[in-house]
Amino acid sequence: MRDVPTKVCCGARGGGLVMRDRYCFEEVEPKWQEQWEEEGLYRVGEDSERPKFYQLEMFPYPSGRIHMGHVRNYSIGDVMARYRRMNGWNVLHPMGWDAFGLPAENAAIKHGADPASWTRENIAHMGKQLRGMGYSYDWAREAATNDPAYYKWTQWLFVQLFKKGLAYRKSQKVNWCPSCATVLANEQVVNGECERCDTPVIRRQLEQWFFRITDYAERLLRNLDAMPGWPEHVKTMQRNWIGRSEGMDLDFEVAGTGEKLTVFTTRHDTVFGVTYLVIAAEHPLVERLIAGQPNEDELRQFVSDVIAQDDIARTADDTEKVGMFTGGYAVNPASGEQVPIWIGNYVLMDYGTGAVMGVPAHDHRDLEFARKYGLSVRAVISPPGAKLDGDTMECAYVEDGVQMNSGRFDGMPSGEARPAMARYFESSGKGRPTVHYKLRDWLISRQRFWGAPIPIIYCERCGQVPVPDVDLPVVLPTGVKFMPTGQSPLLGCSEFVNTKCPVCGGPARRETDTIDTFVCSSWYFLRYTSPGSDDCAWDKSKADYWMPVDQYIGGVEHAIMHLMYARFFTMVMRDLGLVGVDEPFKNLLTQGMVLLGGHKMSKSKGNTIEPDEIVAKYGADTARLFTLFASPVERDLEWSDEGVEGCWRFLQRVWRLVHRCVEGRESSRLAEGRVTAATAGMAADGSAVQRVRRAAHAALKKVTEDLGVRNSLNTAIAAIMEYVNALYSLKDQAFAEDGGDAAMAEAIDLLVVMLAPFAPHIAEELWHEVGHSESVHREPWPKYDPDVLTVESVEIAVQVNGKVRDRITVSVDVSEDAAFEAAMASARVSAAIGSASVKKTILVPGKLLNIVARRESP
RNA sequence: GCCGGAGUGGCGGAAUGGCAGACGCAGGGGACUUAAAAUCCUCUGUCCGCAAGGGCGUGCGGGUUCGAGUCCCGCCUCCGGCACCA
C-alpha cells in the first residue's frame, strides 16, 4: 500500500461539482490511464490527410526498474508528442525494449535463472511503471529486440549486409574485456577500459565479424553538414570520431632492397625536412629490417616490449616516446637522400600506413623524438621575416611560411608549394593524395549468449553461407550453460552448432557468436512503423510515411555509438532500397543528466531517487512536472525534494482554483459563457475581465512559442504558474463584473488545455469537471487572440544616460518627442539631467526612452 | 594539448542588444486557527539611509554602443568529449 498523504481523499465521484480538499491522484491517475487505453486514445495509423510527426525517445534497457533519467527523457518526449497531437499532427509515439545484453546474462548467472524470463519480468514491471506515468505511447507498437519475431529481422538485415559485402570476417587485434569475456567495438573502449565495467581492455588477435562502416565514413561526415536539427556538439563529436584527414601517401624506397615503405602525411610540403622515418612495431617490414642486424636480439626485445606495452600504457597521459634504430635506411622520394628507419612506440599500425616521416623542424612530437635520440633537424619552411636554425631551434615551427632547403621549390610560399609538390609526386608516381579516417570498421560479434545469433553457417565445401530467409530466425536454444569462458556459450550446444549446409546439404557448423546489441538498436525506429509484421522487417510504404523520426530525444552518452550506428544502418537500408531516407533522425535533443548532490544518480553510487517513491507520494503528474520544470531540457537537473513539493503544491493550487471558479456557477458558466467570451474583448479598459483575458492569451502565446519553437519546457511551465497566480488575484473581482463568468470560463478552459501536455491526468480530470465530455487530449491547441493582447497605453522606463530614473505611462504609439515631453514632467528625470544639456533621445516603443544628456565641457 | 558547453541572488533558474533576477525553492512578516499543519496575503540581490532616495551589481580585464548578462578582443575557473591520428 502506498503512503497516502493526510486528509480525506476525494469527494463524491461521477462528475458532481463537489469541492474536494485535495487532488486525489491515487484515484484519478489510474482511472484515466485505463480509460485512455480502453478507448485507444494514442493509437495511430497512417493518414494522408494530416501531417505526420514521429516523436521518439531512446528505448530503455530493461534493467529492472525505470530511473529518473528515464522519467525525464520520456516526460520531455511526451510533452512534445502531446503538443504536436493537439496541433493536428498525426503523431507516432512508440516505446519498446533494448532487451539483449550482458546484464540479463550476468543476472541469470548470479541467480541461476534464465535471461529470457529475467528480461520478460523486467519488461513487464517497467512497462507497468511507464504506463503509470501516463505517457501517450501507442503500446500496440511495442517491440522488444530479444523477441524472435524481432531478431529474425535483425538476422535478416545481417544477411543483407553480408550479401552486399558489408559484413565480413577478418582476423585482427581486437579489444577484449577480460571481465565481460567478450570482444568490444572500438567505440566501447573508453580510456583503455571497458565502457561497461571499467576493466582495462587487452588486445587479442582474433577472427571476428565486422560491418564495413568505413565505407560510409565520407557520407556519415558529409551529411552532418546538412543536419541543422542536431546540436552542434554532437555533430562535432561525430566528426572527431570519424577523424577525416586529408594528405598524401608518399613512397620511400628501403635502401638496397627495392621495397616500398609508404608513409601518410598531411604535410608533404615538409618532405625535404625528413631526417628519419618511424614505423610501428607491428609494421610488416619490421621483420625484414631487423633480421640479421648485429643487435637483432635487442631489437626483437624492443619490438615485443612495445607491442605488449602498447594499449594500456599508451593511453596514459605521459607515456614517453621511445624508439630504436633498425639499421635500415630509406630513400627520400624528393631529395634522394637516405634517412634512418626507426621503430617507435608512438606510431600506430592501425592508422594511416603505420609509418610516418620524421620532420622534427616542423612537428612537435618529431622534434622531441629527434632531440632525445640526437637525430638531425633541418628547417625547410621559414616563418615570415625570420630564419630557423635546425640545430638550435627549441620549438617546432608548424605554421605556413616560405620553402627553403627544398630544391626547386625554394622560395615558394608553402601554401603554393603543397599543390605543386603534390603534382610532382603524382607525376613521378612516388605519391598520391589520400584521405584517412580514424573511424574503424564496426566489430559486431560477441562471445556471449544473450544476443541474436549471427545467421551464418560454415560448410567445408561452400564456405560461409548465410542462413536462408525461410530458416530465420536462428533461435537461441534454451537450457544452455553460459558461464563466460571467453568462447561463445553456444559452442557447447551441439544441437545448435551442428547443422546442414543450406547450399549443398553437407554437414556444417553454425556460427556461435552473437550480434552486438547496438545492431538491434540500429533499426528499431523502423520496426515501430510496422509493428509485428511477419513477412518483412518493416513495410516500406509505412516506413516512408513515418520516416524520418522528427524529434529524437536521449542522453548525450549515445552521441557517438548508437547515433552513428543508426545513421550507418539507415544509409545501408536506403542503398538496399528498403527505406527512402538517408538520415533517420531529423531533430535531436540531448537531455541533461539527473543529479543528486552534484553527481549523476547511479545505483553504484547509491544516490538514487526511485520514481516509484515519488509517484506513490505525489503522483505521476508531479513527477513529470518537476523533471520538466527544474532545469532547461538540455542541461543537467539537480534533484530537489523541496522542488518536487513546489510542483505538488502548484498542482493543488490549480485544482483549488478550478474548483472555486466552478463552484455554484453551473448555470452561468460553460457553453453559454464561452460563446460570450469571444465578445468579452469589449470589456472596459482596466477591468478585471480584460486583465483576465490578457493574462490568458499572454500565457497561451508564451506556452505556444516555448513548446512549438524553443523546446523550452521550464519557461512554459513558469508561464502557466504565473498565469495561475494572476487568476488567483483577479478572479473575485472578475466574477463581480459583467462578463466575468464568461471570461473566467474561457480562462479556466485555456489553463486546463495548456496544462494537459505536462500533467495529463489532472488536466483530464479538471476538464471533465468543468463540464466537457470529450478528452482534453483530443482538444485542438487553442490559438491566442492578438486583439486581446493589444493595449492602448503602456508603462515605459525612462533612462537618463542608460540609467532608469522613472517610469511613465504613454500611449503605445507615442512619438519620441511626446514621450520626451512626458518624461521631462517627472521630477526625478529632470533632477537626473540637472544642468546637462540633452543631446538626443532614443525611444524603444513599448519598452523605454533613453535620454542622452551631457554636461557642456568647460 | 585540441574541440565543445557553462559561469547571473542563499539555491534551481528567467531575460529577440532595451527596466537584470520572471517562475520555483529556501527565508522573514502577517491573516485564518484554541493550537499546529495546510491555505491565503506580503516582503526578500547587495551596501548606505529613519525615510525619501542613492551607490554597487550577471567569473576577471579591455572594447563597440545612447544602452551589454547578451556582441567583439584578451584571460580565469568548472563540466563534457577527443587525445601520441602523422
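Please read these numbers as outputs of a predicted model, since none were measured by experiment. Below, chains carry the letters A, B, ... as their sequence lines are ordered, and counting in each starts from 1.
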Exercise. Reckon A:Ser245 has a side-chain N or O less than 4.0 Å from the OP1 or OP2 of B:rA86?
Worked result: yes
Problem set entry | A:Gln591 and A:Arg635: side chain donor to acceptor below 3.5 Å | no
For this session: Quick one: label A:Glu634 by what it contacts on the DNA or RNA (base, sugar-phosphate, nothing), any heavy atom closer than 4.0 Å.
Result: nothing
For this session: Take the protein atom CD of A:Glu368 and the nucleotide atom P of B:rA86, then report the distance between them rounded to whole Å.
Result: 17 Å
Problem set entry | B:rG69 to B:rA31 separation - P atoms, rounded to the nearest Å | 41 Å
For this session: Give a yes/no on whether any side-chain N or O of A:Arg649 is located under 4.0 angstrom from OP1 or OP2 of B:rC25.
Result: yes
Problem set entry | Residue that, paired with A:Asp249, satisfies side-chain hydrogen bond (donor to acceptor under 3.5 Å, both in side chains) out of A:Thr265, A:Thr353, A:Thr434 | A:Thr434
Problem set entry | P atoms of B:rC78 and B:rC73, separation to the nearest Å | 23 Å
Seminar exercise, completed: Whole-Å distance, A:Met248 CE to B:rC85 P, equals 21 Å
Exercise. Counting any heavy atom closer than 4.0 Å, what does A:Glu645 reach on the DNA or RNA strands: base, sugar-phosphate only, or nothing?
Worked result: nothing
Exercise. Taking N and O atoms by type only, does the side chain of A:Asn850 place a donor or acceptor under 3.5 Å from a partner on the base of B:rC66?
Worked result: yes
Exercise. Choosing from B:rG55, B:rG12, B:rC25, which nucleotide comes nearest the side chain of A:Glu642?
Worked result: B:rC25
Exercise. A:Arg805 has an atom CZ; how far is it from atom C1' of B:rG55, in whole Å?
Worked result: 10 Å
Exercise. What dot-bracket string describes RNA chain B from 5' to 3', counting Watson-Crick and G-U wobble pairs whose defining distances are under 3.5 Å, with [ ] for crossing pairs and | for pairs to another strand?
Worked result: (((((((..(((.....[....))).(((((.......))))).((((....))))..(((((..]....))))))))))))....
Exercise. For B:rU16, does either OP1 or OP2 sit under 4.0 Å from a side-chain N or O belonging to A:Lys847?
Worked result: no
For this session: Evaluate the criterion side-chain contact (heavy atoms from CB on, under 4.5 Å) for residue pair A:Ile851 and A:Lys839; output intermediate values, then yes/no.
Result: CA-CA 8 Å; A:Ile851 299 168; A:Lys839 296 291 180 199; over 6 Å; no
Problem set entry | Aromatic centroids of A:Tyr618 and A:Phe626 separated by under 6.0 Å | no
Seminar exercise, completed: Hits for ring-ring contact (aromatic ring centres under 6.0 Å, His included) against A:Trp241, two or more places apart or cross-chain, chain-then-number order -> none
Exercise. Do the charged groups of A:Asp400 and A:Arg418 touch, with an N to O distance under 4.0 Å?
Worked result: yes
Problem set entry | Lys/Arg-Asp/Glu bridge criterion (N-O < 4.0 Å) met for A:Arg365, A:Glu368 | no
Exercise. Which residue, A:Ser640 or A:Ala718, contacts RNA chain B at a nucleotide closer to its 5' end, judged by nearest heavy atom?
Worked result: A:Ala718
For this session: Taking syn as within 90° of 0 and anti otherwise, name the glycosidic form of B:rG9.
Result: syn
Exercise. Looking across every strand, which nucleic acid part, if any, lies under 4.0 Å from A:Asp363 by heavy atom: base, sugar-phosphate, or nothing?
Worked result: nothing
Exercise. Under 4.0 angstrom, heavy atoms only, what part of the nucleic acid is A:Asp350 near: base, sugar-phosphate, or nothing?
Worked result: nothing
Problem set entry | Of the listed nucleotides B:rU39, B:rG53, B:rA86, the one nearest the side chain of A:Thr266 | B:rA86
Problem set entry | Closest nucleotide among B:rC40, B:rG13, B:rA20 to the A:Val804 side chain | B:rA20
For this session: Quick one: label A:Val852 by what it contacts on the DNA or RNA (base, sugar-phosphate, nothing), any heavy atom closer than 4.0 Å.
Result: sugar-phosphate
Exercise. If you measure from the Lys or Arg side-chain nitrogens to the Asp or Glu carboxylate oxygens, is any gap between A:Asp251 and A:Lys430 under 4.0 Å?
Worked result: no
Exercise. From B:rA15, B:rG18, B:rC85, pick the nucleotide closest to the side chain of A:Ile842?
Worked result: B:rG18
Exercise. Which nucleotide, B:rA86, B:rA83, B:rG12, lies nearest any side-chain atom of A:Ala630?
Worked result: B:rG12
Exercise. Which word best sums up how the rings of A:Trp342 and A:Tyr373 line up, parallel for under 30°, tilted for 30 to 60°, or perpendicular for over 60°?
Worked result: tilted
For this session: With heavy atoms under 4.0 Å as the rule, sort A:Asn714 into base, sugar-phosphate or nothing.
Result: sugar-phosphate
Problem set entry | Earlier contact from the 5' end, RNA chain B, for A:Arg440 and A:Leu848 | A:Leu848
Seminar exercise, completed: Of the listed B:rC3, B:rG81, B:rC23, the closest approach to the A:Thr236 side chain comes from B:rC3
For this session: Can you figure out which of B:rG13, B:rA83, B:rC84 approaches the side chain of A:Ser631 most closely?
Result: B:rG13
Exercise. Taking only N and O in the side chain of A:Arg653, is any of them less than 4.0 Å away from OP1 or OP2 of B:rC40?
Worked result: yes
For this session: With a 4.0 Å heavy-atom cut-off, tell me which residues in residues 701-713 of chain A come close to RNA chain B, sorted by residue number.
Result: A:Arg710
Exercise. Does A:Lys840 get its side chain close enough to the base of B:rC66, under 3.5 Å, for a donor-acceptor pair?
Worked result: no
For this session: Give A:Glu638 one of three labels, base, sugar-phosphate or nothing, depending on what nucleic acid heavy atoms sit under 4.0 Å from its own.
Result: nothing
Problem set entry | C1'-based separation of B:rG7 from B:rG59 [nearest Å] | 6 Å
For this session: Look at A:Lys617 together with A:Asp641 and state whether they make a salt bridge at an N to O cut-off of under 4.0 Å.
Result: no
Problem set entry | Spacing of A:Trp639 atom CH2 relative to B:rG24 atom C1', expressed in whole Å | 15 Å
Exercise. Separation of A:Ile851 atom CD1 from B:rG67 atom C1', in whole Å?
Worked result: 13 Å
Exercise. Out of B:rC3, B:rG18, B:rG13, which nucleotide sits closest to the side chain of A:Val844?
Worked result: B:rG18
For this session: Determine the interatomic distance between P on B:rG29 and the same-named atom on B:rG80; round to the nearest Å.
Result: 42 Å
For this session: Determine the contact category for A:Gly243: base if any of its heavy atoms lies under 4.0 Å from a base atom, sugar-phosphate if only primed atoms, P, OP1 or OP2 are that close, otherwise nothing.
Result: nothing
Exercise. Could you give the CG-to-C1' distance, from A:Leu348 to B:rC82, as a whole number of Å?
Worked result: 14 Å
For this session: Take atom C1' in B:rG1 and the same atom in B:rA83, then report the distance between them in whole Å.
Result: 8 Å
Exercise. Among B:rA86, B:rA22, B:rA83, which is the nearest nucleotide to the side chain of A:Trp241?
Worked result: B:rA83
Exercise. Do the charged groups of A:Asp732 and A:Arg660 touch, with an N to O distance under 4.0 Å?
Worked result: no
Problem set entry | Under-4.0 Å salt bridge between A:Glu795 and A:Lys847 | no
Problem set entry | From B:rC66, B:rC85, B:rG7, nucleotide with atom closest to A:Arg635 side chain | B:rG7
Problem set entry | N-O pairing of A:Glu218 and A:Arg244 below 4.0 Å | yes
For this session: With heavy atoms under 4.0 Å as the rule, sort A:Lys803 into base, sugar-phosphate or nothing.
Result: sugar-phosphate
Exercise. Whole Å only: how far is the CD atom of A:Gln652 from the P atom of B:rA37?
Worked result: 18 Å
Problem set entry | Distance, C1' atom - from B:rU70 to B:rG53, rounded to whole angstrom | 30 Å
Exercise. Does the cation-pi check pass for A:Arg653 over A:Tyr728, that is, NZ or CZ under 6.0 Å from the six-membered ring centre and within 45° of its axis?
Worked result: yes
Seminar exercise, completed: When rounded to whole Å, the CG to P distance for the pair A:Asp641 and B:rC11 reads 19 Å
